[in-house]
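Worksheet for the structure shown next.
These numbers were taken from a predicted model, which means no experiment stands behind them.
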Amino acid sequence: MKIRLVDAGVFTPVDDIQMTLTAPASGFYWLDADVDDLAELQPLFSLHDLAVEDCLSEEEQRPKIEIYENHYFIVVNSIRFDDEEIFLRALNIFLGRHFIITVTKQKIHELRTVKPLLWEDEVSTPDRFLYLLIDLVTDNYFSVGDRIEARIEKLEEDILIHTKKTHLSEIIGLRSEILWLKKVLGPQKEVINTLNKKDLRLIDDQLQKYFSDIYENAVKISETFETYRDLMGNLREAYQSSIANRANEIMRVFTAITTIFIPLTLITGIYGMNFDNMPELHWEYSYYVVIGVMVFAGLLMFYLFRKKDWI
């Protein structure tokens, strides 16, 4: 666990956790902890049992905000995309009057990138820290959305150029992840909307208005993923159409080949009847003439098919 005094964006490490129990003369305390530290933090800051239980739970937590007597408990999901799979990581936040506690099970990228913003904005209050952190978490959905869109475009291009069976599994997998993300974005929007509209005594009234901008971004993100879902449906139709066209093309070739060999089969069938009274059987050039007629017939039909663009 890392403890810092944040004053005007300047970080000062704190070694004694007992100091964080009382408000500093200026600034606030940021305690960056993991779930194992909750055993120590809960009695010191009177963290609610249900909030601690949610942090420790192995089940996936929905984004939410809980209002307790001396602190708020907020859960938002940070997003990460590694080009193969989308990951959501829960960011648990305890907001107090003079402190903010972030609790995570895995490393959260936004907790690192928020530090320079605190310094640039000369942040000295935990509610301002909360605003910048949730803004970063929300903005990261846009960058992930851009990468998903690029992946959809590449998948569409690959399907149009050369359709493979693996494309269907990619379409189904990506569509499932988009639907899952859209389901998660609903409650996360509501959390941001609560921070925007509800009367919250631990968040400054002037600052609370800024959460409306984050909420608008969350709505845009939700609409964007709705568009991606429709695009995946179109992509699946394009895949099925491409497969059908490819099957038709193969059948066209097979039909053309079969048609070309039908007259050749007819000719060889006639000369395979083994009748003695067939003048051509005893002519020394019969074999060459028949072979020539067969080759000519095959080439003629191939030419006609090519001219009509059948093969």
Side-chain angles (χ1 to χ4, degrees), residues 54 59-66 72-93 95 102 104-118 121 127-156 170-198 200 203 207-236:
D54 286 340
E59 296 180 1
E60 185 178 299
Q61 294 298 315
R62 284 166 53 92
K64 62 181 178 179
I65 178 170
E66 300 289 349
Y72 301 158
F73 176 59
I74 303 164
V75 180
V76 292
N77 283 321
S78 171
I79 191 171
R80 187 169 69 87
F81 185 39
D82 64 358
D83 294 331
E84 294 294 333
E85 191 174 356
I86 299 171
F87 297 94
L88 291 180
R89 293 178 171 176
L91 175 56
N92 306 292
I93 305 168
L95 177 69
T102 55
T104 59
K105 293 181 180 178
Q106 303 97 0
K107 291 182 179 180
I108 302 292
H109 176 70
E110 288 83 355
L111 290 177
R112 295 195 305 270
T113 55
V114 76
K115 294 176 183 177
L117 296 180
L118 297 175
D121 289 2
D127 55 351
R128 182 74 178 177
F129 177 98
L130 176 69
Y131 163 74
L132 292 174
L133 183 58
I134 293 182
D135 189 37
L136 278 177
V137 169
T138 305
D139 285 346
N140 201 29
Y141 278 81
F142 282 111
S143 60
V144 171
D146 290 340
R147 294 174 65 184
I148 291 175
E149 184 177 3
R151 183 174 172 183
I152 292 174
E153 290 177 353
K154 185 178 185 305
L155 195 54
E156 182 180 18
E170 290 183 48
I171 292 171
I172 294 173
L174 187 56
R175 186 175 185 273
S176 299
E177 291 185 340
I178 290 172
L179 290 174
W180 171 59
L181 274 178
K182 192 175 182 305
K183 184 179 179 181
V184 171
L185 282 170
Q188 187 138 314
K189 279 194 309 179
E190 293 308 313
V191 169
I192 298 171
N193 194 33
T194 301
L195 293 170
N196 170 36
K197 291 185 175 181
K198 190 171 182 178
L200 302 172
I203 298 179
L207 178 63
Q208 197 169 10
K209 297 176 183 178
Y210 285 88
F211 281 100
S212 63
D213 182 61
I214 303 180
Y215 178 72
E216 289 177 5
N217 288 338
V219 172
K220 290 178 183 177
I221 292 167
S222 182
E223 292 173 349
T224 298
F225 279 96
E226 180 72 29
T227 302
Y228 292 158
R229 187 191 69 170
D230 295 338
L231 287 176
M232 295 309 299
N234 296 338
L235 206 58
R236 185 168 183 173

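- Annotation: the span from Tyr228 atom OH to Ile178 atom CD1 amounts to 8.0 Å, rounded to 0.5 Å.
- Each of Ile192, Leu195, Leu95, Val75 was evaluated against Ile65; a single residue qualifies, Leu195, per the side-chain contact (heavy atoms from CB on, under 4.5 Å) test.
- Counting heavy atoms from C-beta on, the side chains of Arg128 and Leu207 come closer than 4.5 Å.
- With sequence neighbours excluded, no residue forms a salt bridge (charged side-chain N to carboxylate O under 4.0 Å, His left out) with Asp139.
- Every salt bridge (charged side-chain N to carboxylate O under 4.0 Å, His left out) that Lys182 has, sequence neighbours left out, goes to Glu226.
- Checked against side-chain hydrogen bond (donor to acceptor under 3.5 Å, both in side chains), Ser78 has the following partners two or more places apart in sequence or in another chain: Glu110.
- The closest side-chain heavy-atom distance from Lys183 to Leu179 is not below 4.5 Å.
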| field | Chi angles and distances behind the side chain to side chain contact (heavy atoms under 4.5 Å, CB included) call for Leu181, Leu88 | value | CA-CA 9 Å; Leu181 274 178; Leu88 291 180; 3.8 Å; yes
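- Evaluation of the side-chain contact (heavy atoms from CB on, under 4.5 Å) rule for Phe87 yields Arg80, Asp82, Glu85 as partners, not counting sequence neighbours.
- The side-chain hydrogen bond (donor to acceptor under 3.5 Å, both in side chains) check on Thr138 picks up nothing, with sequence neighbours excluded.
- Counting heavy atoms from C-beta on, the side chains of Glu177 and Ile148 never come closer than 4.5 Å.
- For the residue pair Asp146 / Ser143, no side-chain donor-acceptor distance below 3.5 Å is found, with atom types taken as modelled.
- In this structure, the ring-ring contact (aromatic ring centres under 6.0 Å, His included) partners of Phe73, at least two apart in sequence or on a different chain, are Phe94.
- Inter-residue side-chain proximity for Glu153 and Glu149 is flagged as met; some heavy-atom pair is nearer than 4.5 Å.
- Partners of Tyr141 under the ring-ring contact (aromatic ring centres under 6.0 Å, His included) rule, at least two apart in sequence or in another chain, do not exist in this structure.
- Nearest heavy-atom pair, Pro187 versus Pro63, reported as atom, atom and distance to 0.1 Å: CB-O, 3.7 Å.
- Taking Lys107 as the reference, Arg112 meet the side-chain contact (heavy atoms from CB on, under 4.5 Å) condition, with sequence neighbours excluded.
- Side-chain contact between Thr102 and Ile108 is absent, with no heavy-atom pair separated by less than 4.5 Å.
- Residues satisfying the salt bridge (charged side-chain N to carboxylate O under 4.0 Å, His left out) test with Lys64, not counting sequence neighbours, are Asp54.
- Rounded to the nearest 0.5 Å, atoms CG (Leu130) and CD1 (Ile74) are 4.5 Å apart.
- Applying the side-chain contact (heavy atoms from CB on, under 4.5 Å) criterion to Leu132, with sequence neighbours excluded, gives Val114, Leu117, Leu118, Asp121, Val123.
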Side-chain donor-acceptor distances from residues 210-217 under 3.5 Å, at least two apart:
residue : atom : partner : partner atom : Å
Ser212  : OG   : Lys209  : O            : 2.6

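- Note that NZ of Lys115 and OG1 of Thr113 are 10.0 Å apart. Values are rounded to the nearest 0.5 Å.
- The CD1 atom of Ile221 sits 9.0 Å away from atom CG of Asn140, with the distance rounded to the nearest 0.5 Å.
- When the ring-ring contact (aromatic ring centres under 6.0 Å, His included) test is applied to Tyr72, no partner is found at least two apart in sequence or on another chain.
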